Structure formats: structure tokens, C-alpha cells
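What follows is a set of notes on a single structure, which appears directly below.
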Amino acid sequence: MRIATWNVNSIRARADRVGAWLDRSDADVLAIQELKCKDDQFPEEVFTSRGYQVAFHGLNQWNGVAIASRVGLDDVTFGFEDVPGFGEEGDVEARAISAVCDGVRVYSLYVPNGRDLGHPHYEYKLRWLEALRLDAAAQLAGDDELGIALCGDFNIAPHDDDVWDMAAFEGSTHVSVPERAAFQSLLDAGFDDVVRPHTPGPGVYTYWDYTQLSFPKKRGMRIDFVLASSALSRRTASARIDREERKGKGASDHAPVIVDFS
DNA sequence: ATGGCCAGAGAATCTGGA
């Protein structure tokens, strides 16, 4: 089974590229982040016309997550247990969706950005990650042989090799000790980064800023991951980052990440 | 080829991204 994750940065602006990518990637399951549209604006036909079922969750022009699958899409769940909200109303945002695809519970996750160290959004990010860890750990506590794939844009560069220059990130989010500790806590709960062993660094990234010629200058970040539970991790056959998809006019600023499971 | 931001809302810039 081929599972991919991709922050598309607007599903409507990227509809043609996403369709073309599905055609050539041969992905069975695609976890999508940053839809940037409401449910009634979601272009379902991009997926249904190609034989995929699709579940999506979008509330406004921000965030939004979806899962497309051609190997079953069962028990669709929006959010997760005790997912925190943000803002004056504490509204829960559209940052998580999951479904069972061919026996694997696949999550599509768009972790809050954090904005700046000390910003309320940063505390929100850490709370959100802790709630995700508790949800995932609780599932594995019931059955540690469950196949779970936590896919998405984690907005964390876990290691110094995951950014082009640590000096450029002095005092920034994405590389702070608490964020990296939150990411490590997810791994400690029973998950493996199944992509890194197949895409060793340094200089291997999943995101390049639109500004400052970041992509041609190879100034990127590795912030998109597939974290697999132990039972699923053991089935990893190969993984890759589709850097080609970042090229050309109309590309997302993130590249798709693909994993093949036996 | 891989090139000095992009998308959405809404109607001039502003929010958010990272």
C-alpha cells in the first residue's frame, strides 16, 4: 500500500496539479493539508473521477485537511480526542482528520504553526501536539499492534540537519527545544519516522519558502512526516520525497512525501 | 531546467504562512 502526505497550500489553486500527481504517483492513500476552502468548495471530482473516495474537513479559508483513498475509507473521524481550539472563542480548527484505509488508521494532520516563540499560537501548538500524543498513545494502549500512520505537516524540524542553516533559525519556531521535545514524545509513544531512513540528509527537505529563491538555493526544511506505529513501521518497504513536484509555476511550497508498505 | 512569494477575502490592503 502506497501512502502519501502533501500540504497542497490550497486544494482549489492546486486541483490540476493534485490530479496530475495522483495519476503519476500511483498513491493508494493521500493525506492532504491546507485545503484553504470550506467543505462546499472542495473539488471532489478531482478524486472521485480517478476512483478515489475522499473525506474532507474545511471550515473557512484557513487550514483544512482531507484523506483520499482507493483502498477503502472507513470510520472517518474529524479531529481527535480533546483536540484544543484557538482564539477568543476557543474554536476547534480543521487541522485533523483520520480514516481507516485497508486496515490502517491514516491521519492527515496540520499542526499549528506557532507563529513566534511566546505567541499564544505557540502555546496552542504545544497543547495540540500533547493532545495528539495522548490520543495516539491511548489507541496503542488498547492494542499495540494497531497500524496507525500519523501523516502531515508537523511544522517542526526535529534535528539541526532538517533546516539549511541553524543560524538562520535563531529564536524562531519550528526548531525550539519544546517543539522538538513534543515531536520526540510522539516517537516515544510508539511511532517511527519511516521516511528518514530512506532519505538520509543533510540537505533533504520537504518544504521550501516561496521567497528569496529558496528552492533553487536549496534552502528548505524537513517538516512533513509519516510517523508509523511499530506494527506498520515494520512493513515499510521504501520512501521518498517528490522534490520534482516543487518545481515549476503553480507548485505548492511543500513536496509530497510517499511511503510504500508491504 | 529550478529563478527575486503565494492564496483567500474582498475591493485596498490585510491575514497567515514558516
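Predicted, not measured: the structure shown is a model, and the values here were computed from it. Just so we're on the same page: letters track the sequence lines, and every chain starts at 1.
Nucleic acid contact for R246(A): none, since no nucleic acid atom lies under 4.0 Å from a heavy atom of the residue. Using a 4.0 Å heavy-atom cutoff across all strands shown, R219(A) reaches no nucleic acid atom at all. Among the atoms of the strands shown, only primed sugar atoms or phosphate atoms (P, OP1, OP2) are found under 4.0 Å from some heavy atom of G248(A).
In this structure, L117(A) places its CG atom 12 Å from C1' of dA18(B), rounding to the nearest Å. Atom NZ in K249(A) sits about 14 Å away from atom P in dT2(B), given to the nearest Å. Computed from coordinates, the K38(A) NZ to dA7(B) P distance equals 20 Å when rounded to whole Å. One interatomic measurement links the two molecules: NZ of K217(A) to C1' of dT2(B), which rounds to 13 Å at whole-angstrom precision. Rounding to whole angstrom units, CD of residue Q33(A) and P of dG17(B) are separated by 14 Å. Look at CD on Q41(A): it is 11 Å from C1' on dA9(B), rounded to the nearest Å. Rounded to whole Å, atom P of dG17(B) lies 15 Å from atom OH of Y122(A). Atom pair L59(A):CG and dG8(B):P shows a separation of 16 Å (rounding to whole Å applied).
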Please write out the pairs of protein N or O atoms and N or O atoms of nucleotides 12-16 of chain B separated by less than 3.5 Å, giving the distance to one decimal.
none

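Going from the P atom of dA18(B) to that of dA7(B) covers 14 Å, rounded to whole Å. dG10(B) sits 14 Å from dT15(B) when the P atoms are compared, rounded to a whole Å.
Looking at residues 207-214 of chain A, you'll see Y207(A), D209(A), Y210(A), T211(A), Q212(A), L213(A) sit with a heavy atom under 4.0 Å from some atom of DNA chain B. In the region residues 155-167 of chain A, proximity to DNA chain B at under 4.0 angstrom, judged on heavy atoms, holds for N155(A).
Residues passing the side-chain contact (heavy atoms from CB on, under 4.5 Å) test with F78(A) are H57(A), V76(A), I97(A), sequence neighbours excluded.
Of all nucleotides listed (dA18(B), dT2(B), dA7(B)), dA7(B) comes nearest to the side chain of R14(A). The side chain of Q61(A) lies closest to dG8(B) when the candidates are dT2(B), dG8(B), dA18(B). For D153(A), counting side-chain heavy atoms from C-beta on, the closest listed nucleotide (dA9(B), dA7(B), dA18(B)) is dA18(B).
Counting Ile, Leu, Val, Met, Phe, Trp and Tyr side chains that sit under 4.5 Å apart, directly or through other members, Y205(A) shares a hydrophobic cluster with V163(A), W164(A), M166(A), F169(A), V175(A), Y207(A), W208(A), F215(A), M221(A), I223(A). Grouping Ile, Leu, Val, Met, Phe, Trp and Tyr residues whose side-chain heavy atoms lie under 4.5 Å apart, directly or via other members, leaves L134(A) alone, with no other cluster members.
Taking only side-chain nitrogens and oxygens, H254(A) comes nearer than 4.0 Å to OP1 or OP2 of dA18(B). When the side-chain nitrogen and oxygen atoms of S10(A) are compared with OP1 and OP2 of dG8(B), one or more of them lie within a distance under 4.0 Å.
Classified by interplanar angle (parallel below 30°, tilted 30° to 60°, perpendicular above 60°), the ring pair F225(A)/F183(A) is tilted.
Note: the hydrophobic cluster containing Y107(A) does not contain V104(A) (ILVMFWY, side chain heavy atoms under 4.5 Å, direct or indirect links).
Taking CD from Q184(A) and CG from L187(A), the interatomic distance works out to 5.0 Å, rounded to the nearest 0.5 Å. Of the inter-residue distances, the one linking T48(A) atom OG1 with R70(A) atom CZ reads 14.5 Å to the nearest 0.5 angstrom.
Side-chain rings of H121(A) and Y124(A) approach one another, their centers coming within less than 6.0 Å.
Within the 4.5 Å cutoff, no side-chain heavy atoms of T173(A) are placed close to those of R115(A).
Using a 4.0 Å cut-off between charged nitrogen and carboxylate oxygen, D153(A) and R95(A) do not count as a salt-bridge pair.
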